[in-house]
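See structure below.
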Amino acid sequence: MSNPMDDPLRKIVGDRTAKVLADHLGLHTAGDLLHHYPRRYAERGELTRLADLPVDEYVTVVAQIAKADKRTYGRGSGVRLEVVVTDGSGSLTLVFFSKAAHAHAHRLIPGRRGMFSGKVSVFNRTRQLAHPDYQLLDGDEGAEKDALDAFANRLIPLYPACKQITSWRIGQAVDTALNSLTAIGWAGVGEPLPAALREARGLAPLPEALERIHRPRTKADIEAARDRLKWDEAFVLQVALARRRAADSALPAVPRRPREDGLLTAFDAKLPFTLTEGQRKVSAEIFDDLAVAHPMHRLLQGEVGSGKTMVALRAMLGVVDTGGQAAMLAPTEVLAQQHHRSITEMMGELAESAGMLGGSELGTKVVLLTGSMGTAARRQALLDLVTGEAGIVIGTHALIEDKVKFHDLGLVVVDEQHRFGVEQRDALRAKAAQPPHLLVMTATPIPRTVAMTVFGDLETSVLDQLPAGRSPIATHVVPAAEKPHFLSRAWERVREEVEGGHQAYVVCPRIGDDEEDGAGKGAGKGGSRAKKKAEGPDGDDERRPPLAVLDVAEQIAAGALRGLRVEVLHGRMQPDAKDDVMRRFTAGEVDVLVATTVIEVGVNVPNATVMVIMDADRFGVSQLHQLRGRVGRGSAPGLCLLVSEAPEATPARIRLDAVAGTLDGFALSEIDLQQRREGDVLGQAQSGSRSSLRVLAVMDDRDVIEAAREEATALVTADPELTANPDLRSALDSLLDADREEYLDKG
């Protein structure tokens, strides 16, 4: 028997409504609609606050009509109906023109209460809804009184809606779907949670949970429904991840145990510093994994500057000791070149094989492979890989091209995992004769529950201890619009650092070489310019375009930083030019590097002590934390200045104050997560479709996620193919869309 939750919506609500639900809300089946949960509930008698309604957003309000007036305009030729509704905290005007004014006047009379939906605008300093959709919630008298008394105690679901379909029309569609399922006794509707789990956890059956969340009689109904539906989402996702872990553990892999007196030992002996306790602990976890006959799948996350590259390099050297090869995949050429330079410098003569001039008997060749390399250098790199002459290769997407062959690929290291699609990661792993070990690195701290949810198929190691000698980074917000002299002082601080023998970064959100506007003019004077329409993250549609690298570099070189050696770096430069600029900056031949976020990760210039981030409110919290990690990498203190025109107490300014207030990347990651949709966190950009999580909040539902992980692991261990749980198997396809399932499978 087919599952009625898979029935197309056109069979239930008709073609017209089904098309709107599909086109604008992505709802295609009865199950999609019933899993489109109310975002909140209104109570009759408990009126929604009107005082804080946002302008230019679509809203649904519950309010009472205070007065209604018909007015004429255009010398009496036109009619306008103005209806003022109130909830005690504020008022809102509903406006209808011409025929609509006559059509609605007899219904919209003082004293009546209803739901009103539309886009909030402002006219004559008064907030209004023009031609709103509405549904009255009370009757006139007599026969309707009993129904109204019963209705008074109901909670009214308010659904996520859009311009094309209102909340209550969605509610009507939901009612139709619920009625059709109730009529057949919910026959054929699957139950993804095993009965034993439901009973042990006191969770309601799925039909009851859906009834309660859409037609609650009490707030307790809502809580019980949400408890059950959270478990559906957490459990199904954790089962998918548990099956991935089980499949990985069944794959064969070559154990990689370093030789006692091999390359790794020689490298450790020449280190001029002692590894931190955290680096030693994480390395031990990695080497334990590498010694096992199934592939390591480990996530290494760590604070900016915690020494992840050192840990990864030691793992790569350990694999080379066994006769294998290691590949490090970096997201940009700048980062790949930086890794290659720093790794060869750390290894010294060990980065040359025995047959090379100055090479070590224990050494191995370290090669770079990027898309922009010359033909001869590229041919030699490919030859070194296929013969095994090169034990370590560091590269960009060029590593996954068909022409790249390995002698014995034993370890894949993926730097900044979030920059890659899983297909790219998978393509590199496929170049090994047997599944290689995998180490995924990220410098973006991830809260534990997110790691369990997003990277649940990976074991997690955390580096949260900075190496000895690292200096603290002071961070300050520079309010350029309110206090232009603060920006002038920021440029003075840059000059002071350079005169003290140090270097500086200036980061801008835009390149500016082919945009038509003049954004960035006057950066040395606080950056205030004639406004141009540009929608901002906080709803400000009067923002000027973001400041640009080329404009800012030109202005500061001719103005505030005249006489200093100023260079630019951005993603559209030729690779050789980028490498040349970074080489000269690293060598101290450039005083100030004006760049885009191309320097966000991996760039390591210990002599750079100050960073000025222009239009800092245009960047995310975690991105700002990453950027400032480029300074304070030597013995001198670091300084990061966040320049912004965002007014005090706005959400943008609050974000910047949070970044300035702590160096704890994990604390900032929680702030970052709270300000983004769950789907962004759950790999939505990689899966290509919307998140399957609708009621589960990865920050707030830690207990549910952890318990679901335990239950899922136990179930998959006992029943790997889910043969005893066919409804759960079906739920993997319905709650986790096909693209997301593929994403998990490629892990």
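- Residues satisfying the side chain to side chain contact (heavy atoms under 4.5 Å, CB included) criterion with Thr662, sequence neighbours excluded, are Asp664, Leu668.
- Looking at residues two or more places apart in sequence or on another chain, you find a salt bridge (Lys or Arg N to Asp or Glu O under 4.0 Å) between Arg493 and Glu496, Glu497.
- When side chains are defined from C-beta on, Val659 counts as touching Leu642, because their heavy atoms get closer than 4.5 Å.
- Distance CD1/Ile343 to OG1/Thr309: 6.5 Å, rounded to 0.5 Å.
- Checked against side-chain hydrogen bond (donor to acceptor under 3.5 Å, both in side chains), Glu589 has no partners two or more places apart in sequence or in another chain.
- Listed by first then second residue, pairs satisfying salt bridge (charged side-chain N to carboxylate O under 4.0 Å, His left out) with a partner in residues 334-348 read Arg341-Asp579, not counting sequence neighbours.
- Annotation: side chain of His476 is not in contact with side chain of Phe486 (no heavy-atom distance under 4.5 Å).
- Listed by chain and residue number, nothing satisfies the salt bridge (Lys or Arg N to Asp or Glu O under 4.0 Å) test with Arg495 (two or more places apart in sequence, or in another chain).
- Remark: Pro54 engages Glu57, Val59 in a side chain to side chain contact (heavy atoms under 4.5 Å, CB included) (not counting sequence neighbours).
- Not counting sequence neighbours, Lys483 has no partner by the salt bridge (Lys or Arg N to Asp or Glu O under 4.0 Å) test.
- Going from atom CE of Met316 over to atom CD1 of Ile394 covers 5.5 Å, rounded to the nearest 0.5 Å.
- Among the candidates Arg544, Arg653, Arg618, the single residue satisfying the salt bridge (charged side-chain N to carboxylate O under 4.0 Å, His left out) test with Glu645 is Arg544.
- Of the N and O atoms on the side chains of Arg298 and Ser461, at least one donor lies less than 3.5 Å from an acceptor on the other residue.
- Under the rule for a ring-ring contact (aromatic ring centres under 6.0 Å, His included), Phe619 has no partner lying at least two apart in sequence or in another chain.
- When all heavy atoms of Leu639 and Val631 are compared, the pair lying nearest together is O-CG2, 4.0 Å.
- Looking at residues two or more places apart in sequence or on another chain, you find a side-chain hydrogen bond (donor to acceptor under 3.5 Å, both in side chains) between Gln503 and Asn607.
- Between Leu439 atom CG and Asp415 atom CG the span is 9.5 Å, to the nearest 0.5 Å.
- The minimum heavy-atom distance linking Gln338 with Met582 is given by the pair OE1-CE, 3.8 Å.
- Each of Arg630, Arg633, His339 was scored for a side-chain hydrogen bond (donor to acceptor under 3.5 Å, both in side chains) with Asn604, with one residue passing: Arg633.
- Residues forming a salt bridge (Lys or Arg N to Asp or Glu O under 4.0 Å) with Arg565 (at least two apart in sequence, or on another chain): Asp591.
- Proximity of Leu663 to Arg628: side-chain heavy atoms (C-beta onward) are separated by under 4.5 Å at one or more points.
- Atom NZ of Lys365 is separated from atom OG1 of Thr344 by 13.0 Å, given to the nearest 0.5 angstrom.
- Inter-residue side-chain proximity for Val643 and Val612 is flagged as met; some heavy-atom pair is nearer than 4.5 Å.
- Take Lys281 and apply the side-chain hydrogen bond (donor to acceptor under 3.5 Å, both in side chains) test, not counting sequence neighbours, and it matches Glu285.
- Partners of Ala504 under the side chain to side chain contact (heavy atoms under 4.5 Å, CB included) rule, at least two apart in sequence or in another chain, are Val494, Val592, Val610.
- Within the 4.5 Å cutoff, no side-chain heavy atoms of Thr370 are placed close to those of Pro575.
- Within 6.0 Å of the CD atom in Glu277, the count of heavy atoms belonging to other residues, nucleotides or ligands does not exceed 12.
- Lys270 has its side chain within reach of Glu349: a pair of non-hydrogen atoms, C-beta onward, lies under 4.5 Å apart.
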